[in-house]
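Each remark here refers to the structure printed beneath this line.
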Protein chains: 2
Amino acid sequence: MASPTTVDVSPRDDGKPATIYDVAKAAGVSHQTVARYLRGYQGIRPATRERVVAALEELDYRPNLTARSLTTGRSHRIGALTHEIDKHGPSNIAQGAAAAARRAGYVLDIFTLDMGDPGSIRDTLDLLRQHDLAGILALTSTDEMSAAIEAARFTVPVYLGGEPDDTATEHSELTGVGFPALVDHLAELGHSSFLHVAGPATWPAARNRTQAYQEALAARGLHSAGIVAGDWTARSGHDAVAALGPHLDASAIVAANDQMALGAMLALRRQGLDVPRDISVTGVDDIPDAAYFAPPLTTLRIDFAAQGRDIVGALLAQIDGRQPERSVTPHSELVVRESTGRARADTPRP
Amino acid sequence: MASPTTVDVSPRDDGKPATIYDVAKAAGVSHQTVARYLRGYQGIRPATRERVVAALEELDYRPNLTARSLTTGRSHRIGALTHEIDKHGPSNIAQGAAAAARRAGYVLDIFTLDMGDPGSIRDTLDLLRQHDLAGILALTSTDEMSAAIEAARFTVPVYLGGEPDDTATEHSELTGVGFPALVDHLAELGHSSFLHVAGPATWPAARNRTQAYQEALAARGLHSAGIVAGDWTARSGHDAVAALGPHLDASAIVAANDQMALGAMLALRRQGLDVPRDISVTGVDDIPDAAYFAPPLTTLRIDFAAQGRDIVGALLAQIDGRQPERSVTPHSELVVRESTGRARADTPRP
DNA sequence: GATCCGATTGTTACCGGTAACATGATGCTG
DNA sequence: CAGCATCATGTTACCGGTAACAATCGGATC
């Protein structure tokens, strides 16, 4: 008879991975004993335990998560609903969320949503329901997405991510810290007339930023020369500013993200204006490239990865029925670079 | 008795979704009849079929994919292994892959890999094995990742994505079309001495690009003034060029991606050099922002989303045991903008 | 050494599908 | 209208875990 710690059974006749039954047979115990060991149950006799451990080792046992979720009724997968995961914000939130989920033993399932095609949206939400997920996460929320999710009436917890919408919550950190600092910075440089290049109005994050901009100005008695809308892309920032042309009547442009700021700067340059000598430009996000724009961009850094973490944390709390920890929405931090400078005494255009 | 097409049963006493058994009971048939209907089996008597359809509708039945995978042994989920999904290439590949997977009825599970921490890698690969996946996809392959996957010996198909490694395959389209076109473009502008800012050598994609650069030059009898390595970031491009300082002896810089080109341009600018008057700069990728850099960047456009699609297509073919369709690796396309110009007759530095 | 009790271990049922086989119903033939 | 092939539907087992309950085992007690 083999020594108790040696269990000589090949991985399995067919190539399939070993189950607890295989392990049980190899160890000469019942499958429940194996299950108990795996569950960390203490009352197993040392000799028995030893055999189980040896069998587990020998067969290279890995639990079958599918079978587990079938019985327990709870999976360890979180559905991440997103579109445009190629964008900086979304992809970084995804990165943070995926990492946080992993730490908690969860996996992120990516469901890309093709906004604009209602049929596709329905299909995707249907798909979400079939994959039994522990929870659902909207990495980036637009109004369409919120509405679609609302309509789907999921039975599992759903968490809409992205920057909090000020209309729904108290002022976010972004509002409370970021824009005021940004506006203060510009005001100190002598600027008093601003143009805001906003994000698409269907994004709560965009509305949030625009509102924060307005409030920060209002609180200081400053003047907004206008708000033009973009769609987050550099192209839209460029075109918005180019369209204004000579009617641009501001000494500083406050874009709602770095890409639009980049586009705006190019448009200004093409109009013969120098940044920051003739006009200052700021962004939001602090994408890695922003520090290397020409000129390097003054911007509000947003910690998207932290946002992703927080969202997952909140969702997991909801899943476990815990009280979600006070969400520590990441502070936004002003990063001053070379795209902002002292306002010109004279107006740039005669 | 209710009309045959009306089945009056509330969704289920508890809040849980209906199963085929619930549907069967409601329709007054066996669960197999329901299963047969769902499978598209034709030999069901119209009257019976009608009752089943009504019950399905009434109970809002959705198949439980978990249960299905447990019995069939095959899931409809693809594990996407990645790190740095926040980067342009990876995130766009992910986007394309997710879309393609969705179309085929699959979902992408994101597993972020924390390279550098061997323990974490092992954990992640373990996790991959537990989630029974139809296949595994490496969205971005570095040598470490390839090695780790190799060592894990998965029982499901694994597909290493990213640009094909020239050492393993015949010359990719990238080699065949992209760099030659780029070099031709520069040569036509009178450039004859080049500096290459390479990506990290542990990435096959980086090696691939560097090799393509070298081959394109060699084929034209042109001179490479040197190769410096970066890590894909703008910072690394900047620092590499800044470190060279006055020793920079090239009339054109060929960076392995747009970010590094951006950084290089800033470094040049800080040395008082004008792009493209004094020196030309090119990138690879054509990230959306590249068209709005100052100056807009001449670059090789890579269709990452298509790469993602192709990778998923190849993986699915492998899963289904089909012969993978001839992978139509996306062509790279030269996009000429303002960062390249005629080489100066005199050397930029006296 | 019989009795009893808790510590260990084993048995059975179930999660929601799929697969294989069994049975009842129908229809055609002679 | 019996006899049998065929169609339609039902039964049972199984996937790999978990949960609840049952049954041993061992040692202490008397």
Side-chain angles (χ1 to χ4, degrees), chain A residues 4 11-53 55-56 59-76 129-134 155, chain B residues 11-53 55-56 59-76 129-133 155:
Chain A
R12 195 156 146 165
D13 317 0
D14 41 11
K16 299 208 295 185
T19 71
I20 51 169
Y21 293 93
D22 300 327
V23 173
K25 194 159 53 154
V29 300
S30 79
H31 72 278
Q32 265 307 327
T33 300
V34 178
R36 287 194 186 97
Y37 170 77
L38 293 172
R39 205 186 313 136
Y41 177 68
Q42 289 306 319
I44 300 179
R45 207 164 304 158
T48 312
R49 165 182 305 256
E50 213 166 87
R51 298 219 307 282
V52 171
V53 172
L56 286 169
L59 295 176
D60 191 29
Y61 170 81
R62 311 289 153 130
N64 179 326
L65 262 35
T66 302
R68 178 176 298 170
S69 21
L70 180 58
T71 47
T72 59
R74 42 179 306 177
S75 72
H76 278 176
R129 201 176 339 235
Q130 294 175 26
H131 285 265
D132 64 356
L133 302 162
T155 54
Chain B
R12 196 157 146 164
D13 318 358
D14 41 11
K16 298 207 297 185
T19 72
I20 50 170
Y21 292 93
D22 300 327
V23 173
K25 193 158 52 150
V29 299
S30 80
H31 72 278
Q32 266 306 325
T33 301
V34 179
R36 287 194 186 98
Y37 169 78
L38 293 173
R39 206 187 313 139
Y41 177 67
Q42 288 307 318
I44 300 178
R45 209 166 303 159
T48 311
R49 167 182 303 259
E50 213 165 89
R51 298 220 308 281
V52 171
V53 172
L56 286 169
L59 295 176
D60 190 30
Y61 171 81
R62 312 288 156 129
N64 179 326
L65 263 36
T66 302
R68 179 175 298 171
S69 344
L70 180 58
T71 48
T72 60
R74 42 180 305 179
S75 72
H76 278 159
R129 202 178 337 236
Q130 296 175 22
H131 285 264
D132 63 357
L133 302 162
T155 54

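Residue numbers begin at 1 in each chain, while the letters A, B, ... track the order of the sequences. These values consider heavy atoms only, across backbone and side chains, with no hydrogens, waters or symmetry-generated copies.
Atom-to-atom, CD of Gln42(B) to P of dT9(D) comes out at 13 Å; the value is rounded to the nearest Å. Atom-to-atom, CZ of Arg62(B) to P of dC15(C) comes out at 22 Å; the value is rounded to the nearest Å. When rounded to the nearest whole Å, the span between CZ of Arg74(B) and P of dC14(D) equals 23 Å. Rounded to whole Å, the distance from CZ on Arg129(A) to P on dG16(C) is 17 Å. Protein atom CG of Asp22(A) is 12 Å distant from nucleotide atom C1' of dC15(D), rounded to whole Å. Taking atom CG on Leu38(A) and atom C1' on dG16(D), their separation rounds to 12 Å, with Å as the unit. Atom CZ of Arg49(A) is separated from atom P of dA7(C) by 16 Å (rounded to the nearest Å).
Across all strands shown, Thr66(A) has no heavy atoms under 4.0 Å from either base or sugar-phosphate atoms. Counting non-hydrogen atoms under 4.0 angstrom, Tyr37(B) reaches nothing in the nucleic acid. At the heavy-atom level, Thr48(A) lies under 4.0 Å from the strands shown only through sugar-phosphate atoms. Residue contacts shown for Ile44(B) are limited to sugar-phosphate atoms, with no base heavy atom under 4.0 Å away.
Toward the 5′ end of DNA chain D lies the nearest nucleotide of Gly43(B), the other residue of the pair Arg39(A) and Gly43(B) mapping further downstream. Between Arg45(B) and Thr71(B), it is Arg45(B) whose nearest contact on DNA chain D lies nearer the 5' terminus.
At a threshold of 4.5 Å between non-hydrogen side-chain atoms, the residues Arg74(A) and Ser69(A) do not count as touching.
The side chain of Arg36(A) has dG10(C) as its nearest neighbour among dG10(D), dT18(D), dG10(C). In this structure, the nucleotide among dT11(D), dG16(D), dA20(D) sitting nearest to the side chain of Gln32(B) is dT11(D). For Lys16(A), the side-chain atoms get nearest to dG16(D) when compared with the rest of dT12(C), dG16(D), dT18(C). When the nucleotides dG16(D), dG16(C), dT18(C) are ranked by their closest atom to the side chain of Asn64(B), dG16(C) comes out on top. Set against dT9(C), dT18(C), dT11(D), the side chain of Thr33(A) has dT9(C) as its closest nucleotide. Of the candidates dT18(D), dG16(C), dG10(C), the closest approach to any side-chain atom of Val29(A) belongs to dG10(C).
When the side-chain nitrogen and oxygen atoms of Tyr21(A) are compared with OP1 and OP2 of dT11(C), none of them lie within a distance under 4.0 Å. Residue Tyr41(B) places none of its side-chain N or O atoms closer than 4.0 Å to OP1 or OP2 of dC7(D).
Between the side chain of Arg62(A) and the backbone N or O of Arg129(B), no donor-acceptor pair lies under 3.5 Å. Proximity of a side-chain donor or acceptor of Ser75(A) to a complementary backbone N or O of Ala134(A) within less than 3.5 Å is detected.
Atom OH in Tyr37(B) sits 6.5 Å away from atom CG in Leu56(B) (nearest 0.5 Å). Here OG1 of Thr33(A) is found 10.0 Å from OH of Tyr41(A). Values are rounded to the nearest 0.5 Å. Distance check, rounded to the nearest 0.5 Å: CZ of Arg49(B) to CD of Gln42(B) gives 5.5 Å.
One donor-acceptor pair, N or O on each side, does fall under 3.5 Å between the base of dT12(C) and the side chain of His31(A).
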